[in-house]
Amino acid sequence: MSQKLILIDGNSIAYRAFFALPLLNNDKGVHTNAVYGFTTMLLKILEEEQPSHVLVAFDAGKTTFRHKTYEEYKGGRQKTPPELSEQFPLIRELLDAFHISHYELDQFEADDIIGTLARQGEKEDWDVKVISGDRDLLQLVSDKVSVALTKKGITNVETYTPSFMKEKMDVDPSQIIDLKALMGDSSDNIPGVPGVGEKTAVKLLNQFETLDGVYEHLEEVSGKKLKEKLTDNKDNAYMSKDLVTINVDSPIEVGLEKAQYEGYEYQKVSSFFRDLGFNSLLSRIGGEEAEAEEVNESLPEIEVETIEDIKEEHLAETTALVIEMLSESYHTADIEGVGIVHDGGKYFIPGDQALHSEVFKKWAEDANKKKWVFDAKKTLVAMKRYDIDVKGLSFDLLIASYIINPSENHHDIPAISQRMDRKEVAFDEEVYGKGAKMKVPDTEVLADHVGRKTDMLFQLKETVEEQLKENEQWDLYHELEMPLSQILGIMEYTGVQVDVDRLKQMGEDLKERLAELEKEVYELAGEEFNLNSPKQLGPILFEKLELPVIKKTKTGYSTSADILEQLQDKHPIIEKILIYRQLGKLQSTYIEGLLKVVHEDTNKIHTRFNQALTQTGRLSSIEPNLQNIPIRLEEGRKIRQAFIPSEEGWKIFAADYSQIELRVLAHIAQDEKLISAFKEGADVHTKTAMDVFHVSEDEVTDQMRRQAKAVNFGIVYGISDYGLSQSLGIPRKEAKKFIERYLESYPGVKAYMDEVVQEAKQNGYVTTLMNRRRYLPDITSRNFNRRSFAERTAMNTPIQGTAADIIKKAMIDLYHALEHEGLEARMLLQVHDELILEAPEAELEKLQSLVTKVMEETVDLEVPLKVDDEQGDTWYDAK
DNA sequence: ATCGGCACGC
DNA sequence: GACGTACGTGCCGATC
């Protein structure tokens, strides 16, 4: 059997991992992010490649033989951060635990060790794969040697073979050295020929094949400047060539046999993982499969009493309560059991027993009996399904955890407890399994697990509340998110009425038009294919029809709408495809997708608002997402005709904030010009155009206003100059200028942007009006991209987050106002800056003034808030 | 099952 | 100079 050798560039991968992952500490305060990243990469390779031989090469010391040729080799490099240096010994330990050999050689770099072994393996006719982040290694590619370069992150790689290289870079492996010699490499301080970049170098090599070829035929090189540069820098080019050439004949003292890999010992690796706190990786290594029972056995003892018949003595004044469902969709999920923990005991009750019990209902509905829960909204909805109106939900661990740090991805009880260094609860996945294998375990196991979660909830409450108070987020939690959670629960439970027949009719019409379009596209293409597959569409457009290639994706040609639009006048097929895409989206996502989630007996849709997800404080909506129902194009907007009031004689009423983010910006930044624009009630985009282009109101063209609008959009969403250039279809430099001119026009905004970035650097986080936080660890990153992103986030989050705070508060105020006024009107949906209600026709007039007033007055800013309202028989008509 | 490409909203 | 560029959800095809 053929042998497979994996050669890993240890330094390169460690660097990659270090910069790709946030600087994590384990519980002992040791930085482990590079080790962690390295480990995930290693596990993935071992699993996917099943190699017979593995070796990790490291760079030895400070100087190498290359420094003799060129003293400045790798000069100007930032020195390795100490947070990373300290992790190299751990990486070696990791490799030892895996029984994987590693090697370094004085005066030589990891590249040379890898090159030498790769050639040896090749000679033996082995399959060799090199893993690195360093493109220099591409020179090793051959029929037997492939090179996998890390892309985004660490485990995401791109494997280079000779043919892939030719396609992607338009050069052969043998030309890589000459390519580098010409273009140089700033990160290694290799000069190359100044002024020659990748594009020129590839062009030269295509014409003359090699560096020698270029110099032999210098007179044929086009361009006087280029010829001059090449002549002047001939020495540099050849020296660069020497420097980048990997020594494939290094005096290494290890042979291929040393790299033999025979698998790792579970014990050693798992204890290494435990030492470093890599608990999430434990499940990925092949040890004995952790059975549910075993999981629980390894945890500390806990006594949970399973009771069938619930009595008052099992309940208390203050109780942690968990309603356990295995499925996320709590509108329909079965309730498997109920966990109850208080000072007097720990109980588990099978779901049906609890929810059908009169004793339980009475206790649940008693507002004086305090319930501590994880996800109050879910608890409320689930219980409402059993006609229980739960009251007294006084603590919500989910919301609290989210408020404390929204950037945590896992806010479930086991994850939270683990972060607090308590390891008494198994993860749901370990107990229930996942995907198709998910199942309800035996009652004993279920009771234990639910009991543990409930117990942990009971224990964590105090600490978490202290943390909220310490962060000055108590009000945000207690006065905003907690009350909102109840309101959202009621909204979700209420649901939105859907005109199913209407949806179905639209589906029929779409089906016909799609079939027609499909036929037309096939005719124009001259063949049939799957029109929904970009992978199949690409070759048709760009090979068969020979349309110009504007952009490629990593898997082929890009066929996205903005690319197709640029091709529109080139071929009649393009327009058909665009329309097909548009209608296809409506059909699959909005017609079929919505029909799938309509409740059969009521014809209502019940979304779920995720209140603990976004980094900015906005809500999100799932199953279905009712926050992205089409509106921009008329065709799609018609979907909204299917959203109707749930009662006869009722109407849909919608109210939205006008320019809330820009108003918030004016307020936070205290920018006089922006403030006065809003106070005057000016059209803000026109005003921006006047300020940015220095023209009077009547001189503002549509084009100028459109551009100003895009800039405002960019400011609100924190997009980059690149993002703005994309949305306007202009060069990045111009986009950058627009942003600069905007900031010159609004000095208050400029000052705010600078301040908020400083604040983020100082505190490590930014805050909103109501003290919502977003941590930005990348604000001090040495990586430009990460840092820039963090800076834009610092500027944008207080704006978007404050707007989110405001509408959330408005919802609470409105809920109480409706109650206070004795109106029947109900809130149904929130779409970031608008609220959708249904109401009896007779209430509309009152509603109009009430809703507007409540929303506009919910906070008092330097600028007025403005609310527009609409009404109609369907959501579509409320426009 | 999971990923990539694409498209919808704010 | 740049290895990626507002936030979400969900569909499809392709892949293993």
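Order of the sequence lines sets the chain letters (A, B, ...), proteins ahead of strands, with each chain counted from 1.
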Check: dC3(C) base within 3.5 Å donor-acceptor of R135(A) side chain: no
Between K551(A) and dG5(B), does any side-chain N or O lie under 4.0 Å from OP1 or OP2? no
Heavy-atom donor-acceptor pair, N532(A) side-chain to dC12(C) base, under 3.5 Å: no
Has T559(A) got a side-chain N or O lying under 4.0 Å from the OP1 or OP2 atom of dG5(B)? no
With a cut-off of less than 4.0 Å, is there a side-chain N or O of S560(A) near OP1 or OP2 of dG5(B)? no
Charged N to carboxylate O under 4.0 angstrom, E481(A) versus R772(A)? yes
Can you tell me if Y557(A) and E543(A) form a side-chain donor-acceptor pair at under 3.5 Å? yes
Once you apply a heavy-atom cut-off of 4.0 Å, does I719(A) come out as touching a base, just sugar-phosphate, or nothing? base
Side-chain N or O of S720(A) versus OP1/OP2 of dA6(C): is the shortest distance under 4.0 Å? yes
Examine the base of dC3(C) for any acceptor or donor lying under 3.5 Å from a partner atom in the side chain of R16(A), and report the outcome as yes or no. yes
Assigned partner base of dC3(C), Watson-Crick or wobble definition, under 3.5 Å: none
Please work out whether the ring planes of H411(A) and Y402(A) are parallel, tilted or perpendicular, with thresholds of 30° and 60°. perpendicular
